[in-house]
Peer 1: 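Take this structure first; my questions come after.
Only a predicted model underlies this, so the values are computations on that prediction, with no experimental measurement involved. Convention: sequence-line order gives letters A, B, ...; per-chain numbering from 1.
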2 protein chains.
Amino acid sequence: MVMARINTTQNDIDLRSSCPVACTLDLIGDRWTLLVVRDIFKGKRRYNEFLESAEHFPTNILADRLKRLEAAAVIKKVLYSEHPPRYAYELTNKGLELGKVVEAMYHWGNKNILGKS
Amino acid sequence: MVMARINTTQNDIDLRSSCPVACTLDLIGDRWTLLVVRDIFKGKRRYNEFLESAEHFPTNILADRLKRLEAAAVIKKVLYSEHPPRYAYELTNKGLELGKVVEAMYHWGNKNILGKS
DNA sequence: GAAATGACTTGCATAATGAAAGTCAGCCTG
DNA sequence: CAGGCTGACTTTCATTATGCAAGTCATTTC
């Protein structure tokens with residue numbers, strides 16, 4: 001597919017169009033990425049905590065998504081132990097604002113798939 | 001991966017967990033599905049109209065997503081010509097409620113990828 | 001010194017994606 | 001009524017992504 005480099009804020013994903021929805025999907029349009037964001041909203045911070053989630057991230061996918069989200073400045077690494085060096089993952093402002101998307105999916109899934117509320 | 005058949009409303013996708021966010025992603029967690037929904041919100045109704053979108057749906061993907069969305073009762077086919085038989089795609093209530101998700105992505109992408117307002 | 005922990009990386013088989021071309025039914029035009 | 005056109009897909013096939021299992025590696029604790 002022909003990709004374009006559209007004027008974006010600092011990150012370097014290939015965008016299919018200048019539609020905001022398509023741009024967003026180019027970054028988070030897969031089955032795992034938003035689950036990382038959801039987990040951080042739920043208070044998880046460390047690699048092994050993500051792995052404990054019910055959906056069972058494959059380890060390579062988790063590592064990849066953390067890398068991509070960090071590159072896109074949706075999350076950032078924070079050192080929480082010097083020796084050995086260990087990092088926790090936290091949401092940036094950009095990541096916090098994804099809360100709206102996660103919430104919308106939460107409500108939709110609850111009502112339209114799980115049939116609750 | 002081990003999939004579960006969780007008590008859902010009428011459709012038959014395999015769900016990874018009972019988390020509403022994960023359930024939603026099991027249905028719309030890819031780079032194309034929500035673009036179909038977006039297009040219908042923008043007034044498009046027919047196969048060829050979707051194909052004209054800037055992101056250039058591959059035809060096989062479009063046909064597949066329309067099928068999946070119909071199976072999930074997010075969209076429905078409506079006959080708009082008897083001879084030859086031709087169908088238009090429209091959103092069901094379930095689909096209309098996805099508007100919240102699309103909107104949230106629209107705002108997020110505009111602000112955080114395109115850098116507009 | 002041995003085993004454990006946290007955080008990944010690698011290998012590999014299977015599944016999904018995407019580009020291009022093919023199909024097919026029903027008009028339409030000469 | 002043969003040939004082309006239109007709308008709506010299907011098929012093929014090369015490339016890429018996913019997902020499971022196993023391996024790595026730097027500490028740290030026993």
Peer 1: Tell me which nucleotide among D:dA8, C:dT9, C:dG6 gets nearest to the side chain of A:T59.
Peer 2: C:dT9
Peer 1: To the nearest angstrom, how far is A:I61 atom CD1 from C:dA15 atom P?
Peer 2: 15 Å
Peer 1: So if I take every side-chain heavy atom of B:R31 and compare against C:dT9, C:dC27, C:dG18, which nucleotide ends up nearest?
Peer 2: C:dG18
Peer 1: To the side chain of B:W32, which of C:dG18, D:dG7, D:dT28 is closest?
Peer 2: C:dG18
Peer 1: Among C:dA7, D:dC9, D:dT11, which nucleotide has an atom closest to any side-chain atom of B:N60?
Peer 2: D:dT11
Peer 1: Taking only side-chain N and O atoms of A:R46, does any of them lie within less than 4.0 angstrom of OP1 or OP2 on C:dC8?
Peer 2: no
Peer 1: Please determine whether a side-chain nitrogen of the Lys or Arg among A:R31 and B:D26 lies less than 4.0 Å from a carboxylate oxygen of the Asp or Glu.
Peer 2: yes
Peer 1: From the list D:dT18, D:dG19, C:dC27, which nucleotide is the closest neighbour of the side chain of A:P58?
Peer 2: D:dG19
Peer 1: In whole angstroms, how far is the C1' atom of D:dG7 from the CD atom of B:E82?
Peer 2: 17 Å
Peer 1: Search all heavy atoms of B:D39 against all heavy atoms of B:F57 and return the closest pair with its distance.
Peer 2: OD2-CE1, 3.6 Å
Peer 1: In whole Å, what is the span from the CG atom of B:D30 to the P atom of C:dG18?
Peer 2: 9 Å
Peer 1: For a quick check under 3.5 Å, do A:K42 and A:S53 share a side-chain donor-acceptor pair by atom type?
Peer 2: no
Peer 1: In whole angstrom, give the distance that lies between atom CZ of A:R16 and atom C1' of C:dT17.
Peer 2: 12 Å
Peer 1: Return the value, rounded to whole Å, for the distance between atom CZ of B:R68 and atom C1' of D:dC9.
Peer 2: 18 Å
Peer 1: Whether the B:Y80 and B:R45 side chains hold a donor-acceptor pair (N or O, under 3.5 Å, no angle test) is what I'd like checked.
Peer 2: no
Peer 1: Identify which nucleotide among D:dA8, C:dC8, D:dT28 has an atom closest to any side-chain atom of A:P84, counting heavy atoms from C-beta outward.
Peer 2: D:dT28
Peer 1: Relative to the 5' end of DNA chain C, which residue comes earlier, A:P85 or B:R65, by the nucleotide with the nearest heavy atom?
Peer 2: A:P85
Peer 1: Would you kindly give the CZ-to-C1' distance between A:R45 and C:dA7, to the nearest whole Å?
Peer 2: 18 Å
Peer 1: Give the rounded distance in Å between these two atoms: CG of A:D64 and C1' of D:dA17.
Peer 2: 9 Å
Peer 1: Checking all strands, does B:Y80 fall into the base, sugar-phosphate, or nothing category for heavy-atom contacts under 4.0 angstrom?
Peer 2: sugar-phosphate
Peer 1: Can you say whether a donor on the side chain of A:N48 sits under 3.5 Å from an acceptor on the base of C:dG6, or the other way round?
Peer 2: no
Peer 1: Answer yes or no: does a side-chain N or O of B:Y89 lie under 4.0 Å from OP1 or OP2 of D:dC9?
Peer 2: yes
Peer 1: Report the nucleotide, chosen from D:dT10, C:dG18, C:dT17, that has the shortest atom-to-atom distance to any side-chain atom of B:K67.
Peer 2: D:dT10
Peer 1: Determine: side-chain N/O of B:R86 to OP1/OP2 of D:dC9, distance under 4.0 Å, yes or no.
Peer 2: no
Peer 1: Please indicate whether B:K100 has more than 12 foreign heavy atoms, meaning atoms of other residues, nucleotides or ligands, lying under 6.0 Å from its NZ.
Peer 2: no
Peer 1: Provide, to the nearest angstrom, the distance between the NZ atom belonging to A:K44 and the P atom belonging to C:dG6.
Peer 2: 14 Å
Peer 1: Just say parallel, tilted or perpendicular for the rings of B:F50 and B:Y89, cut-offs at 30° and 60°.
Peer 2: tilted
